[in-house]
Structures are given as C-alpha cells and as structure tokens.
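First the structure, in the form of structure tokens, and then the observations on it.
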Protein chains: 2
Amino acid sequence: MAKTRAGARDRAASALDTLHFALDRNSPVPLYYQLAQQLEAAIEHGALAPGNLLGNEIDLSTRLGLSRPTVRQAIQSLVDKGLLVRRRGVGTQVVHSQVKRPLELSSLYDDLEAAGQGPTTRVVRNETVPAAADVAAALGLAQGAEVTLLERLRSTHGQPVALLCNYLPAGLLELDTARLEATGLYRMMRAAGITLHSARQTVGARSATAEEAARLDEKEGAALLTMQRTAYDDTGRAVEYGTHIYRASRYAFDFQLLVRT
Amino acid sequence: MAKTRAGARDRAASALDTLHFALDRNSPVPLYYQLAQQLEAAIEHGALAPGNLLGNEIDLSTRLGLSRPTVRQAIQSLVDKGLLVRRRGVGTQVVHSQVKRPLELSSLYDDLEAAGQGPTTRVVRNETVPAAADVAAALGLAQGAEVTLLERLRSTHGQPVALLCNYLPAGLLELDTARLEATGLYRMMRAAGITLHSARQTVGARSATAEEAARLDEKEGAALLTMQRTAYDDTGRAVEYGTHIYRASRYAFDFQLLVRT
DNA sequence: AAGTGGTCTAGACCACCCG
DNA sequence: GGGTGGTCTAGACCACTTA
C-alpha cells in the first residue's frame, strides 16, 4: 500500500527516507566524514531513534550519489563509536539509548578537557629535578636524568579534589605556569606538536597519610583513589609519567567501554 | 648499490621484503584478516621491529596478489589496535615497543578470562529476588521485578581479593552454580547467545565496613576499590548490573588506552 | 527466495612529506 | 618532484538472516 516515488523499490520505510544530507564535494572534509557527522547529529537529536533501521547501503549510496564503500566507511565509523550495530541479513540499527555519548576514558579526558569552567588547577611546583628510579624507568631515561616535575592541585567549587604529580623529559616542552593553569597539560603538549598515541594507567586505592590528608582537606586514613599513568606519543617515546591521588569522597573514574567483537 | 631482483624498483629496503605470507583464498577467514594476523604475529615475535617501515601499500598489494583496499583494511585493523602508525608522505611504521599487548580493559577482561589457573571463584549466593530501586534503575526494569542475584567471592593464592555482586534480569540465562565457578559469568552469557556490546563502569574507593573487612580478611577502615558496572547487549538491553569491591592491598585496575585522533 | 551486510577488485586522483 | 597514505568509484560475488 505504500506509495513510493517512481522507480523506488517497495521496501520497509526507513527513518532515513525523510532526512536529507548536505554533502559538499568541494569541502576539504572527506565525504564519508561529512556523512558520518550528519548521521551522528541525526541520532543525537532524535531524528534517528534507537532501533531504527538505516536502510540498506546500496539504496543509501545511490540516493546520496556516493559509492557504496564510501557510505560503508561512514557507517563503519559510527559502528566503531558504538552508535550503530550491523547485522548481516538484517540491517543497520541505531543502538538502543543508554550508550550514547561514550564518555571518553575519564582522567585522561579530564586532563584533555581541563580548563573547563568547573575545575581549577593551581600549579604548586614546576621545576627541573633529577629522575628517581621509578620515574626514570617509566620514562625510559637514565636514572638521574633531568626531568620536569609538575605538581598541581585540582579543585572544584573551592574544594580540593586531586593532587597531580607529573614528570616529563626535560626540554620536551615549554611549561609556562600561567598557561598550564589556564590550558591544561595535554592541550599544551598537543599545541607543541606532540601527538599522543597511547597511555597505560593503573588505578588503585589506599589510605591517606597525614600530609596527604592535610593537603586534600581529608582525615588521616581516609580512602584515596590513586592513579599512575605513562603516556606515549606516536613514535613510542614516553612523554609523561604521573602519579595522582584523588579524594574518593569527591571523585570517581567513570567510563564507558565497547566490546570489540 | 642495492641489488634488487629484476623488475623491482630501487627503493629503501623494507623489513617486509624477507617475510612471506601464506594467504589461503579457500579459507573462510577473510584475506584482510589473514594478512592482519600474520603481520601481527611478525610484529609479535620481532620479525618486524619497532620503527620498521612496512613499505608502501601498492608494492605490498602486488606482491601479495591482493588489491590495495584489501591490504589497507588489514593495515588499518592493526592501526586501530595501536600496533602500527601511518604517516602520510612517510609510510607505515611499527609502533615503538612499550605499547604492545594492549591489555584489555581490566575488570571486564578479568571477568571474561576468569577461570584461568590463578583466580578461583566461589558462588556465595545465587537466587531470585525482587529488584531494589537502584538495581531496577540500572537494568531498566520496574522496581520489584524479579532479578537474579549473584554473589561471588574471588580469590587468588587462597586469599580473598574481591566480592562481586551481580544482578541479571530473571530468566535471561540459566545460571548453574557449578558452571559459574568453572567458566565465569561472561563466558556463560556469550555461550547463551548474548553478545555484549558496551558497558559503563565507575571506579571509586571507600573504607571497609566491619562486615566487608571480615569477609575480605582486611581490617575495618582499610581502603577498598569499588566498581559498579552496567553491561548492555547489542540491542541496547541492560543484561547485567554489578557492584563490586576489591581489596586495594591486593588489586588494582590496570589498562591501556589508545588516543583516538 | 529475497534482502542484507561482508568481502574483494582494479583502477583513479588528491594531499602531504621529504630531499 | 617523487613517494607516501587518504579518499573515492563502480562494479562483483558470497554468507547470513528471515520468511
């Protein structure tokens, strides 16, 4: 009974039929990326509801004037983000709610996005010191080599949340204290041309020592979250090592993970 | 000065030249996947050392008798895994050590791989109960709906490490206690045809209550790691909610993350 | 049997990096 | 300017799901 425009095959209606996408072939932005962004936006604001089928890739590609591989590339990027699910013989569906907005790995995300309105960061120490054994091992340097020591106190709403202690190979980066407090460490590294590639983190817990308690406004023996991280750039060079402590009463790591199949 | 076989262009030697790959076109395993596996193995055992260039994709594809997109698909999968880095105008390199063996997100990994030699798991409770408010909210059920409550004590070397408390929608799965102890929860879910898609985790810390301390062989007030997780299948349905506590003195979450560019 | 995604091919042109 | 990866096309056949 469905009325379809001439030449269109009779098929189940797809929510995509009513959407139109604006693809600019003169843009430097790749076509697959333009499509992916617009699909993501449509999912984001509900034009494509959870469970909706996207309609088959062939139709979609002819309607958009793209080749199928290009459309597939766009869809695949959203599958990788966890927004879509493909089933052979069935179709491609918008994933059922919940998952959206895959909060990035916190802590790193936190650092990357620092300098938002909420949290403020005060640089307590910013100096060059010889590397202790653990620092040297983590950064792949000789013991005693010069490293930049960075100690920062992060607060929200005027209350301390975390004490961040970072080590970087000396000379890797110009670490201006004022810019650090305004911009965040990772953004400065990115601006300096360092492309982060991977990081390794260990999250644990222990009781606060008297000194830690005093600095974080906690009681001695209070539970603290601890995190150690070594970050590498895309050449495999260790560019940062950090040992951080968080007030467990005011902070938790919250993250989403996708199960690779 | 380099002697090359007839017809080969004169170019920088690639470590790949001396390797040969066995591709079986009759195998049900996709060609790109066969190639990816063999490349990964070569990196793994050092035939391709960190920093080595892979040589350009065109040569590689002709040498292997594959099309360039197929070779690209293989390489891309290893880039996604963090084993290779591509640079336009330069080439594709093996990432400099360190990173290898991207330990999966622990905890989930831990559960997935449970039933290894080390850890043993004892099921303490396995029964059907009405869902409390927080459990109902996490699983997307009505309050009071029937859920399966699973309580397990995990130990290594005869020492308790964690107390795991899981809730699943009733009837989702046959949860035989003996199999649970031998196989692990996630493996049983997979065997039952449930394909995990994503999970959301929160990791925090707090001090042990007297009861928790007694069950985990800790002192009251000792620091504990806490983890809550909700897992979803690929239809977006919540299939598991868990609140877990770990002895901080014997356990830490250790994971690696790749920075998406 | 029909429809879907999964894989694969053989080309093409462009943007970027380097010497 | 020469080499690299990045993008894109227009087909093809296969495997799986559903009815």
Side-chain angles (χ1 to χ4, degrees), chain A residues 4 8-14 16 23-37 52-80 84-95 193 195 234-235 261, chain B residues 4 8-14 16 23-37 52-80 84-95 193 195 234-235 261:
Chain A
T4 58
R9 255 172 293 171
D10 201 18
R11 56 177 166 73
S14 156
L16 228 57
L23 299 174
D24 177 4
R25 296 192 101 92
N26 295 321
S27 164
V29 179
L31 291 170
Y32 81 88
Y33 194 80
Q34 293 183 37
L35 177 55
Q37 280 186 318
N52 279 178
L53 280 168
L54 238 60
N56 77 55
E57 299 170 348
I58 313 279
D59 280 5
L60 189 51
S61 59
T62 62
R63 271 181 41 216
L64 296 174
L66 297 175
S67 71
R68 186 184 168 204
T70 301
V71 171
R72 273 184 68 80
Q73 194 174 1
I75 291 177
Q76 186 59 47
S77 71
L78 297 185
V79 170
D80 291 341
L84 298 176
V85 180
R86 285 208 242 235
R87 297 167 202 269
R88 179 144 51 174
V90 178
T92 303
Q93 287 182 315
V94 179
V95 111
T195 53
D234 57 5
T235 70
T261 32
Chain B
T4 58
R9 256 172 292 172
D10 200 18
R11 56 178 165 73
S14 156
L16 227 58
L23 299 174
D24 177 5
R25 296 191 102 92
N26 294 320
S27 164
V29 179
L31 291 171
Y32 81 89
Y33 194 78
Q34 294 183 39
L35 177 56
Q37 281 185 316
N52 278 178
L53 281 168
L54 237 58
N56 77 54
E57 300 170 347
I58 313 279
D59 280 5
L60 190 50
S61 59
T62 61
R63 271 181 39 218
L64 295 174
L66 296 175
S67 70
R68 184 181 169 208
T70 302
V71 171
R72 273 184 68 80
Q73 194 174 0
I75 292 177
Q76 186 60 47
S77 71
L78 297 185
V79 170
D80 292 341
L84 298 176
V85 181
R86 286 208 241 235
R87 298 169 200 267
R88 178 140 55 173
V90 179
T92 303
Q93 287 182 315
V94 179
V95 118
T195 54
D234 58 5
T235 70
T261 31

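Only heavy atoms go into these numbers, but all of them, side chains included; no hydrogens, no water, no symmetry mates. Naming: A, B, ... by sequence-line order, numbering from 1 per chain.
- For the pair B/Asp59 CG and D/dG5 P, the interatomic distance rounds to 9 Å; values are reported in whole Å.
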Checklist entry - Could you go step by step and tell me if A/Val71 and A/Arg63 meet the side-chain contact (heavy atoms from CB on, under 4.5 Å) rule? => result CA-CA 11 Å; A/Val71 171; A/Arg63 271 181 41 216; over 6 Å; no
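- What you find for B/Ser67 and B/Thr70 is that their closest heavy atoms are OG-OG1, 3.0 Å.
- To the nearest angstrom, P of C/dC17 lies 16 Å from CZ of B/Arg86.
- As a whole-Å value, the separation of B/Leu23 CG from C/dT7 C1' is 14 Å.
- In this structure, B/Tyr32 does not reach the C/dC8 phosphate: none of its side-chain N or O atoms is under 4.0 Å from OP1 or OP2.
- For the pair B/Asn56 and D/dT4, the criterion of a side-chain N or O lying under 4.0 Å from OP1 or OP2 is met.
- Computed from coordinates, the A/Ile58 CD1 to C/dG6 P distance equals 12 Å when rounded to whole Å.
- What separates CG of A/Leu53 from P of C/dT4 is a distance of 10 Å, to the nearest Å.
- Closest heavy-atom contact between A/Thr235 and B/Arg87: CG2-NH2, 3.4 Å.
- Rounded to an integer number of Å, the gap from CG of A/Leu78 to C1' of C/dG5 is 16 Å.
- Between the CG atom of B/Asn26 and the P atom of C/dC8 there is a distance of 13 Å, given to the nearest Å.
- Closest heavy-atom contact between B/Val95 and A/Asp234: CG2-O, 4.2 Å.
- Remark: of the listed residues A/Leu78, A/Val85, A/Leu54, A/Leu54 is the sole one forming a side-chain contact (heavy atoms from CB on, under 4.5 Å) with A/Val94.
- For the side-chain contact (heavy atoms from CB on, under 4.5 Å) with A/Glu57, the lone residue among A/Ile75, A/Leu66, A/Thr62 that qualifies is A/Ile75.
- Here C/dG6 presents its P atom at 12 Å from CG of A/Asp80, a figure rounded to the nearest Å.
- A/Ala74 and A/Ser77 get closest at one heavy-atom pair: O-OG, 2.7 Å.
- Both B/Thr92 and A/Val29 lie close to DNA chain D; mapped to their nearest nucleotides by heavy-atom distance, the more 5′-ward contact belongs to B/Thr92.
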Next on the checklist: For a quick check, with a 4.0 angstrom heavy-atom cut-off, what is the B/S/- contact string for nucleotides 9-19 of chain D, read 5' to 3'?
Outcome noted: BB-B--BBSS-
